[in-house]
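The structure appears right after this line, and notes come after that.
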Amino acid sequence: MTPILETDSLVCRFGGLVATNDVSLKLNEGARHALIGPNGAGKTTFINLLTGALKPTSGTIRLEGVDVTREPAHKRAARGMSRTFQINQLFADLTPLETVTFAVLERQNHGIDPFRSVAGHRAEIDEAASILERFRLGDVMDWKTSDLPYGKQRLLEIAVAIAAKPKVLLLDEPAAGVPEEERHEILDMVNGLPKSVAVLLIEHDMDLVFSFAERISVLVQGALLVEGTTEEVANDPAVRTAYLGEDADE
Ligand SMILES: Nc1ncnc2c1ncn2[C@@H]1O[C@H](COP(=O)(O)OP(=O)(O)OP(=O)(O)O)[C@@H](O)[C@H]1O
């Protein structure tokens, strides 16, 4: 089976620092894969290389077998690579319904202008509303986004990414900064993401990692230390020393 996403010997240097060191990783269709590692291990850099936000020093990235290493971010997004992003100031003034409707329109290649109303796009508004219902945001879909509790803002980020109907979804710490009592909602949503989407999750919360992932890759100082099933990784002595040990000390 061709992996949906694959990197081959990916390297990213920032001056003398090797932030990504020869990383070869495969994601199969519908994968539930977590990327873990200590602070500064290079997890976000790796995601930025995948999306095209950063250019690698060397190595290859293939999406559905196609070499996208030199493609700009928007082309990779159009091919089905999606990531969550922080709600910016512009979206903060919109409602969740408007925001997700824009995401649906963007997927359909409609030019979007956030200063114009989405009214008139009935089918897209209905689709956005049903996505928001699925993410338990139906009752707040007409609120101003900046008035939502932070946990719901983070759920909205995932809903926006899903509106693009991605083949690959990259989640960079989806529950970070969310108060304990709201975290379980995010956890439920991450666990309930459609099986048609391969998910690569970066996460420090081991409860979330182990409840979600089928496979785990452990990154340490830019390089892959271990890759395996949750059980293999949990029992690996090198992982316990390099990562879980550190986690326990925090
Ligand atoms: N644009 C940049 N220029 C220079 N160095 C960078 C840049 N981006 C990241 N780094 C460095 O690369 C290394 C990896 O950083 P990265 O943010 O990818 O790690 P991370 O595993 O995501 O960390 P965390 O878990 O703390 O978010 C760090 O040493 C960081 O300081």
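Nothing fancy with the numbering, it's 1 onward along the sequence. Both ligands and their constituent atoms are indexed starting at 1 by order of listing.
- Residue Ala41 approaches ligand 1 through these ligand atoms, each under 4.0 Å from one of its heavy atoms: 19 (O), 20 (P), 21 (O).
- Contact check on Lys152 versus Glu185 returns a salt bridge, with a Lys/Arg side-chain nitrogen under 4.0 Å from an Asp/Glu carboxylate oxygen.
- Atom numbering of ligand 1 starts at 1 in the shown order; those under 4.0 Å from a heavy atom of Ala19 are 12 (O).
- Annotation for ligand 1: atoms under 4.0 Å from non-hydrogen atoms of His204 are 25 (O).
- Of all protein heavy atoms, the one closest to atom 16 (P) of ligand 1 is Thr45 OG1, 3.6 Å.
- Taking atom 30 (C) of ligand 1 as the reference point, the nearest protein heavy-atom neighbour is Leu17 CD2, 4.4 Å.
- Note on Lys144 versus Glu98: no salt bridge recorded, every NZ/NE/NH1/NH2 to OD/OE distance being 4.0 Å or above.
- At the shortest separation from atom 25 (O) of ligand 1 among protein heavy atoms lies Lys43 NZ, 2.7 Å.
- Here the side chain of Thr69 pairs a donor or acceptor atom with the backbone of Ile61 at under 3.5 angstrom.
- Looking only at atom types and distance, the side chain of His33 has a donor-acceptor partner in the side chain of Ser217 under 3.5 Å away.
- Looking only at heavy atoms of the protein, atom 1 (N) of ligand 1 is closest to Phe14 CE2, 3.6 Å.
- The structure places CD1 of Ile162 at 7.0 Å from CZ of Arg134, a figure rounded to the nearest 0.5 Å.
- Atom 23 (O) of ligand 1 has its nearest heavy-atom neighbour, among Ala176, Gly37, Gly40, in Gly40.
- Annotation: the span from Arg76 atom CZ to Leu5 atom CG amounts to 9.5 Å, rounded to 0.5 Å.
- The nearest protein atom to atom 17 (O) of ligand 1, hydrogens excluded, is given as Thr44 CB, 3.9 Å; this is a heavy-atom distance.
- When non-hydrogen atoms are compared, ligand 1 lies under 4.0 Å from neither the backbone nor the side chain of Ile202.
- Asp172 and Thr44 form a side-chain donor-acceptor contact under 3.5 Å, judged by distance and modelled atom types alone.
- The protein heavy-atom contact nearest to atom 19 (O) of ligand 1 is Gly42 N, 3.1 Å.
- Within a 6.0 Å sphere centred on CZ of Arg70, other residues, nucleotides and ligands contribute more than 12 heavy atoms.
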